[in-house]
Amino acid sequence: MRDWNTQARNRQARLARAAALARANGGKEVAAADAGALLEAVLEPGDRVCLEGNNQKQADFLARALAELNPEKVHDLHMVQSVLALPEHIDVFERGVASQLDFSFSGPQAGRLAKLVSANQIRIGAIHTYLELFGRYFVDLTPRVSLVCAQAADRAGNLYTGPNTEDTPVIVEATAFKSGIVIAQVNEILDSLPRVDIPGGWVDFVIQSPKPHYIEPLFTRDPAQISEIQVLMAMMAIKGIYAEYEVNRLNHGIGFDTAAIELLLPTYAESLGLKGKICRHWALNPHPALIPAIEAGFVESVHSFGSELGMEAYIRARPDVFFTGPDGSMRSNRALCQAAGHYACDMFIGSTLQIDLAGNSSTATLGRISGFGGAPNMGSDARGRRHASPAWLKAGREARAGRNLIPRGQKLVVQMVETFREHMQPAFVEKLDAWELAESANMDLPPVMIYGEDVTHILTEEGVANLLLCRTDEEREQAIRGVAGYTPVGLGRDRRMVENLRDRGIIRRPEDLGVDKRLATRDLLAARSVKDLVRASGGLYDPPKRFRNW
Amino acid sequence: MEKLTFEFFGGAPVNATRAPALVGVVGSGNLEVLIEPAELGGACAVEILTAARGFGATWKAVLDDFFTRHKLADVRIAINDVGATPAVVALRLDQAVEDFLGGGA
């Protein structure tokens, strides 16, 4: 007779090994000093483990405990986590506790990750987009043990995440309902919680960490660092894309290019009469740079992947705009916001490091395996979308004009780059560094962030290339060269063909869009410093110390 | 540092009494552009002092396009560059010309 209950019995065995460590009170609370012993008791070699590493909130105490385990007892773990942010996320491999990795993004640890991969200390299964990795949690990468992070717990193990809910719900759901074990680190243990984000019945152990968990202010951009070129590009974006397509539902990437757009809404967009006509609904982290636009009445709603440090009181005071709980603080959710951004938004606009002649875009550079942020899910046409909107329909019409195809819409995916990055690195290249990286790290595919077939517009200081209107690969290549400035790719343009594309409105220069370059100064920004943002928020925004210089 | 010079011909002379114009700042990723009238026998002379070596061809391309936009003669342009991108260079040159020609005679 086959045993159909091996996972639950294995879970019971693990719980039994850990029973002595849990305090009598509900049997869930474990002392911080016993964290290592708890992990050793519940983990088995080869386990799939999700260590909650988010964009912002980090299960840093549990990460340290895991990295310090004795690799003779716990080894060959298979880590499945969205973000590698902390040194400990790499230490677990270096120390031999873990050996296999499936992930999405590794920004700050990208260099070390690449080194350990080439030293064969990390085997990468795949680099995923967020929704893809979360999807696999429920298919073939279900965690056996998850180490998550919350603001507070009560005695029954209920968790309160506060505004940085982020990945916690999706991780716990996948683990708890497949006989896995969930361990949470919390900043405090309370008698009653402001609200319950994760039901206690899904949580096995709770540890109060000696220090509050770390949160990275990933989405704060100091307006003082926005350049005039970025102002010029933001003007072109607003006039040439947002207004023309009536973009009302959107996601912005991270970076100064899109922060400039946010800061031009109450000034430039307002002067064009666009309030109430563009940018009303957002899938976006609570960017401080969005405060002036919110205050000016541009923004009706914002749903967020995670929160942003310092924005708590402001969000609490603007519940009509943000998603908040009965306790007043925000509830974010990376999986749901990624789904919202993919299916319910008409546009993604963001920066990148390299664009090739087919419009493929990548942030991969040699020696760094950085993975992807939210861009691939946001910046790809949602093939499963069926509802219409003016922006979606217009993009679809442009892509299909003159072809005998059934009508359908298309998402606007805009890549916004200066032709040269710092140190004169060209943003346009014949061949992406991703190819070389794929070869050196033995990847199946070059890691492309946004595929050229999904990109609808490329915006540089030289102009906007509308790839929807291109009908041949050659036109597409010349449209890209035609906005690539003085990079070798740009200098390699066929000038006659580029002028022809310009006549057809496929390439448009600032003057073609009616954008006055003389206005492209920092005076056009609704806030020119972090202090201006604080002022715009009525003193509610409380920026992290590193962004304060007053 | 690298010093580069370019000369363009075929422009229209500007009024020799025009006041010089100075735009930009000498700061990382930025540049300073001084534009002034000069007796150059109909030439537009550009002198560049740049912190980034080896970009002569890029400077030439940016200045060729600049001269196509603004056909100046008997003008001297002095540039002090601290690694500005071509985008910044082109914007500053346009601003300098606007100040120069837009300003009082």
Side-chain angles (χ1 to χ4, degrees), chain A residues 224-236 256-257 260 351 353 416-428 458-464 481-493 495 498-499 502 507 509-512 515-524, chain B residues 1-2 4 6 8 21-33 35 46 48-71 77 79-103:
Chain A
Q225 293 187 45
I226 293 173
S227 71
E228 287 176 15
I229 300 296
Q230 285 163 336
V231 172
L232 175 66
M233 286 164 59
M235 292 168 76
M236 287 194 266
F256 290 102
D257 294 329
S351 305
L353 293 185
M416 182 175 185
V417 291
E418 280 183 54
T419 53
F420 283 97
R421 293 184 281 121
E422 54 191 6
H423 310 306
M424 286 293 281
Q425 290 295 311
F428 292 88
I458 296 177
L459 195 172
T460 72
E461 74 277 1
E462 203 187 1
V464 182
R481 288 187 187 274
V483 293
Y486 299 97
T487 62
V489 163
L491 294 173
R493 74 185 60 175
R495 282 180 179 265
V498 165
E499 279 315 306
R502 192 174 167 192
I507 289 178
R509 308 292 180 209
E511 50 272 32
D512 303 336
V515 166
D516 184 352
K517 276 190 186 176
R518 286 174 307 179
L519 289 179
T521 72
R522 286 180 36 82
D523 292 340
L524 204 55
Chain B
M1 297 297 274
E2 186 173 14
L4 301 165
F6 298 93
F8 299 90
L22 178 72
V23 302
V25 287
V26 182
S28 182
N30 218 318
L31 76 164
E32 191 181 61
V33 177
I35 176 164
V46 185
I48 300 155
L49 198 59
T50 173
R53 302 183 65 85
F55 289 100
T58 308
W59 280 103
K60 182 174 185 319
V62 173
L63 291 167
D64 280 346
D65 284 351
F66 169 75
F67 192 71
T68 308
R69 288 196 299 278
H70 309 283
K71 297 240 177 252
I77 299 175
I79 294 173
N80 227 330
D81 169 59
V82 197
T85 62
V88 176
V89 174
L91 185 68
R92 287 272 177 269
L93 283 167
D94 286 348
Q95 286 171 340
V97 168
E98 265 158 34
D99 274 16
F100 181 60
L101 298 181

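Chain letters run A, B, ... following the sequence lines, proteins first, then strands; residues in each count from 1.
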Would you list the atom pairs in which one atom of chain B and one of chain A form a donor-acceptor pair under 3.5 Å?
{"residue": "B:Asp65", "atom": "OD2", "partner": "A:Tyr486", "partner atom": "OH", "Å": "2.8"}
{"residue": "B:Arg92", "atom": "NH1", "partner": "A:Glu228", "partner atom": "OE1", "Å": "3.0"}
{"residue": "B:Gln95", "atom": "NE2", "partner": "A:Glu228", "partner atom": "OE1", "Å": "3.2"}

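- Proximity to chain A (any heavy atom under 4.5 Å) is shown, for B:Ala52, by neither the backbone nor the side chain.
- A pairwise comparison of heavy atoms in B:Ala84 and A:Met424 identifies O-SD, 4.3 Å as the closest pair.
- Listed here is the closest heavy atom pair of A:Leu491 and B:Ala61: CD2-CB, 3.8 Å.
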